[in-house]
Amino acid sequence: MILVTGGLGYIGSHTVVELLKSEEVLILDNLYNSEKKVLNRIDQITGKDPVFIEGDIRDEKLLDQIFTRYNIESVIHFAGLKAVGESVEVPLRYYDHNVNGTLTLLKAMAKHKVFNLVFSSSATVYGDKNPVPFHEEMPLSTTNPYGTTKRMIEEMLGDLSRSDEKWRIMILRYFNPVGAHSSGLIGESPKGIPNNLMPFICQVAKGERPKLNIFGNDYNTPDGTGVRDYIHVVDLARGHVLALEYLLKNIGLEIVNLGTGRGYSVLEMVKTFEKVNQISIPFEVVNRRSGDIASCYASTDKAKVILKFDAHKNLEDMCADAWYYMNLGENQ
Ligand code: NAD
Ligand code: UD1
């Protein structure tokens, strides 16, 4: 059985859908940023019923009970907080959920001799000094507490793997996950005003916000707006299944980027969304957002070689599926 922490969240729920094709799954989620109805949606899509435990990864006793009661073979660890701006305002909350939460989970895994782990890291650890494309050996730096929690956890996992060769760890550095399951039943539902581009565009399309603010058009990019490596969340979810397969055959720690290797600008994203969904997105160019970099996209060589991973879905699919979910899944 696979323990999926944060399995009712955006990326976790899509990964659970992929995993349920061949595995039994136990989801541990405290519903901090997700809803229980996602469980029914997973059931509707897959016809399967994963075990769900509402609880916190920082709860040592609960983890002890889970590892004692269930035959857990591997852990995919998504649980954590991810809002960059909020992490600047309340850093200790981020160090607590992300770093302390992961530490508590790792201690429970060690105690119960579960040594297989896939961890959600982020392209944010490449910082603002490296040239694109970002490859896994580049030096890391971070510009906000959220990113620093990911960097600290990566270091912790490195030390752990060097301390005992029984650990099999895969650190996945995600680029920009967008889109939704093609059923329209699960997707991204940010609470409050979205920070990220695609959810914001969807809310403008729906008339919930009057316009999109484009943060700067004077970057050193083809059209001056920021370039990012958007990856469809279902492709990302498949990457986790491949990562798990790899782990079971190989010892040690690996770090792998999950992106498409291709960057799109904010304007390209807006134009594609408009074309695919036949809807207009009013926008205004405003000042740059502090902390943003001009371009961010992945070197995908390692993912291709060791995971045999390739993204299948394109920007049109990402825009169509995000909008379909916004109209169907979010309202049910
Ligand atoms: P999400 O917020 O949708 O999912 C995280 C889930 O973890 C939520 O369901 C939340 O309720 C749960 N959770 C939070 N703290 C918990 C705790 N202490 N105990 C138990 N459950 C807890 O986020 P997501 O977009 O699915 O991201 C999943 C992981 O991937 C996160 O670690 C995030 O930092 C990382 N990541 C996300 C992105 C992105 O753009 N979405 C990019 C890079 C990395
Ligand atoms: C954000 C996070 C980053 C995280 C990544 C993936 C910040 C500062 N960074 O980065 O840590 O790893 O998400 O989840 O939040 N844009 C607009 N208008 C908007 C929103 C975004 O023009 O309303 C632009 C941004 O300037 C950027 C692009 O769209 O050029 C993508 O933005 P976003 O979706 O927030 O992702 P990242 O900036 O890559």
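Since we're looking at a predicted model, the values are computed, not measured. No hydrogens, no waters, no symmetry mates; every other heavy atom, side chains included, goes into these values. We count ligands from 1, going down the list as the structure has it; atoms in each ligand are counted the same way.
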Asker: Do we see a donor-acceptor contact under 3.5 Å between the side chains of Tyr230 and Arg262?
Answerer: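 Absent: no donor and acceptor within the cut-off.
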
Asker: If you measure every N or O of Asn176 against every N or O of ligand 2, does any of those distances drop under 3.5 Å?
Answerer: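 Yes, Asn176 has an N/O under 3.5 Å of an N/O on ligand 2.
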
Asker: Considering heavy atoms of the protein only, find what lies nearest to atom 29 (O) of ligand 2 and give residue, atom and distance to 0.1 Å.
Answerer: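 Result for atom 29 (O) of ligand 2: Val266 CG2, 3.4 Å.
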
Asker: Looking only at distance, does Ile11 have an N or O less than 3.5 Å from an N or O of ligand 1?
Answerer: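 Min N/O separation from ligand 1 is below 3.5 Å for Ile11.
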
Asker: Given Tyr10, Phe78, Phe119, Tyr174, which has its nearest heavy atom closest to atom 30 (O) of ligand 1?
Answerer: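 Closest candidate by heavy-atom distance is Tyr174.
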
Asker: For atom 13 (O) of ligand 2, which protein heavy atom lies nearest, and how many Å away is it?
Answerer: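 The closest heavy atom on the protein side is Asn196 ND2, 3.2 Å.
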
Asker: Which is it for Arg162 and Asp159 under the salt bridge (charged side-chain N to carboxylate O under 4.0 Å, His left out) test, yes or no, and what are the steps along the way?
Answerer: CA-CA 5 Å; Arg162 282 183 289 275; Asp159 289 339; 2.9 Å; yes

Asker: Which protein non-hydrogen atom lies closest to atom 39 (O) of ligand 2, naming both residue and atom, and how far is it?
Answerer: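 In this structure, atom 39 (O) of ligand 2 has Arg228 NE, 2.7 Å as its nearest protein heavy atom.
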
Asker: Closer than 4.0 Å to some heavy atom of Asn195 - which atoms of ligand 2 meet that?
Answerer: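 Those of ligand 2 that fall under 4.0 Å from Asn195 are 20 (C), 35 (O).
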
Asker: Of the protein's non-hydrogen atoms, which lies at the shortest distance from atom 2 (C) of ligand 2, and what is that distance?
Answerer: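 Checked against all protein heavy atoms, atom 2 (C) of ligand 2 sits closest to Val84 CG2, 3.6 Å.
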
Asker: So, are Asp29 and Lys36 salt-bridged, with charged N and O less than 4.0 Å apart?
Answerer: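 No, Asp29 and Lys36 are not salt-bridged.
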
Asker: Side chains of Asp321 and His181 only: does a donor on one sit below 3.5 Å from an acceptor on the other?
Answerer: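 Side chains of Asp321 and His181: no pair found under 3.5 Å.
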
Asker: Can you tell me which residue and heavy atom of the protein come closest to atom 32 (O) of ligand 2, and the distance to 0.1 Å?
Answerer: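 For this ligand atom, the closest protein heavy atom is Arg289 NH2, 3.5 Å.
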
